[in-house]
Amino acid sequence: MEQVKIVVIGSLNVDLVVRAPRVPQDGETIIGSAFQRFFGGKGANQAVAARRQGAYTVMAGRVGRDIFGDEQLRSLEEEGISTAGIVRDEEQPTGTASIILDERGSNRIIVVPGANGAYSPRDVDDLRPIIQDADAVVVQLEIPLPAVERALAVAWELGKLTVLNPAPAADLPPEIYRTVSVITPNESEAALLTGVEVADLAGARQAAQILRAKGVRQVIITLGARGVYGLSADEEFHIPAHAVAVVDTVAAGDTFTGALAVMLAEGKPLQQAARYANAAAAIAVTRPGAQPSVPRRSEVLAFLKESSGDELA
């Protein structure tokens, strides 16, 4: 199969991860068990996920002209990801995320955007030749909304598959939905976008119908332990979650979105692509860290074959 090209436009962070028995209460100090530093940012995580599924991947965004920026670029290049779309910001530092992981693997995250917050529509306009050459464009909400709007509008104008991961959760202007091929919210994000509580499949269906009515072509809602719900003009489906031992949920949603984008760019039907992405995310939660947790294509295929007998190309 010919290698597809994915352009990911979004955030690049350095994740500072503390492990502790639980999240401290207001004014409380507790003793953690470990500290680790990982490369992250939803954009960079999704770029790594796309690259490890075999796509030619271009990362676009901003990092500071600092040691964290140097290390982030070096890490992406070692991964085989093109950094041609990344701007070095002369004023803002590289973004950081402070993450507390409890003993159950649940996370609490504080993001300081830094250079990510300076990404602009003009930066997107400079990417037009790169977008023109892409099969799919993936965007999240850890960069300013005007840049997200411009990225989706330019990609849509150029006839590209557009994938929006609406995280962190935020209200979106009505016009943005009409430029989205596929949207991938989790339960809380879907609830914020639609006003519908997504506590079960009925809620997921109602939320997805509202998103479709807003103009989105295909909706995939990730439901954590309940799996994945999907809706398009042609199909509706629910894919159960895989039973795995959860170590760390950081980047599970990013792994899902990056893997889904690659499968769709390769021409896989929505349900088949979602089944693959669901397996990739299941593997990711069994490993610590953001980008280190992202599995490669061979691992996902082996996992699918062992767990359900699926033979996905």
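The first residue in the sequence is number 1, and the count goes up from there. These values consider heavy atoms only, across backbone and side chains, with no hydrogens, waters or symmetry-generated copies.
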Residues 217-229, side-chain donor-acceptor partners within the protein, below 3.5 Å, at least two apart:
unit_1	atom_1	unit_2	atom_2	d
R217	NH1	R178	O	3.0
R217	NH1	G215	O	2.8
Y229	OH	E236	OE2	2.6

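- Between F68 and R37 the shortest side-chain heavy-atom distance falls below 4.5 Å.
- Looking at R88 and V63, their side chains come closer than 4.5 Å, going by heavy atoms from C-beta outward.
- No chain of hydrophobic side-chain contacts below 4.5 Å, direct or via other Ile, Leu, Val, Met, Phe, Trp or Tyr residues, connects I109 to F39.
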Do any side-chain atoms of residues 179-190 form donor-acceptor pairs under 3.5 angstrom with protein atoms, and if so which ones, sequence neighbours left out?
unit_1	atom_1	unit_2	atom_2	d
T179	OG1	I176	O	2.8
S181	OG	T162	N	3.0
S181	OG	T162	OG1	3.2
T184	OG1	N165	ND2	3.2
T184	OG1	T257	OG1	3.0
N186	OD1	S188	N	3.2
N186	OD1	S188	OG	3.0
N186	OD1	E189	N	2.9
N186	ND2	E189	OE2	3.4
E189	OE1	N186	N	2.9

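- A single hydrophobic cluster is seen to contain both V246 and V294, as judged by linkage of ILVMFWY side chains at heavy-atom distances under 4.5 Å, directly or through other members.
- In summary, of the residues considered (R52, R287, K305), a salt bridge (charged side-chain N to carboxylate O under 4.0 Å, His left out) with E299 occurs for R287 alone.
- There is a path of hydrophobic side-chain contacts, each under 4.5 Å, that joins Y276 to V4.
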**OP:** Go through the steps to decide whether V137 and W156 satisfy the test side-chain contact (heavy atoms from CB on, under 4.5 Å), and finish with yes or no.
**Re:** CA-CA 9 Å; V137 173; W156 191 260; over 6 Å; no

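- You'll find the side chain of M59 stays beyond 4.5 Å of the side chain of R51, heavy atoms only.
- Put simply, V23 and V247 are part of two different groups of oily side chains (I, L, V, M, F, W, Y) that touch within less than 4.5 Å, one to the next.
- For CD of E28, the number of neighbouring non-hydrogen atoms (other residues, nucleotides, ligands) closer than 6.0 Å is greater than 12.
- Inter-residue side-chain proximity for T96 and T94 is flagged as unmet; no heavy-atom pair is nearer than 4.5 Å.
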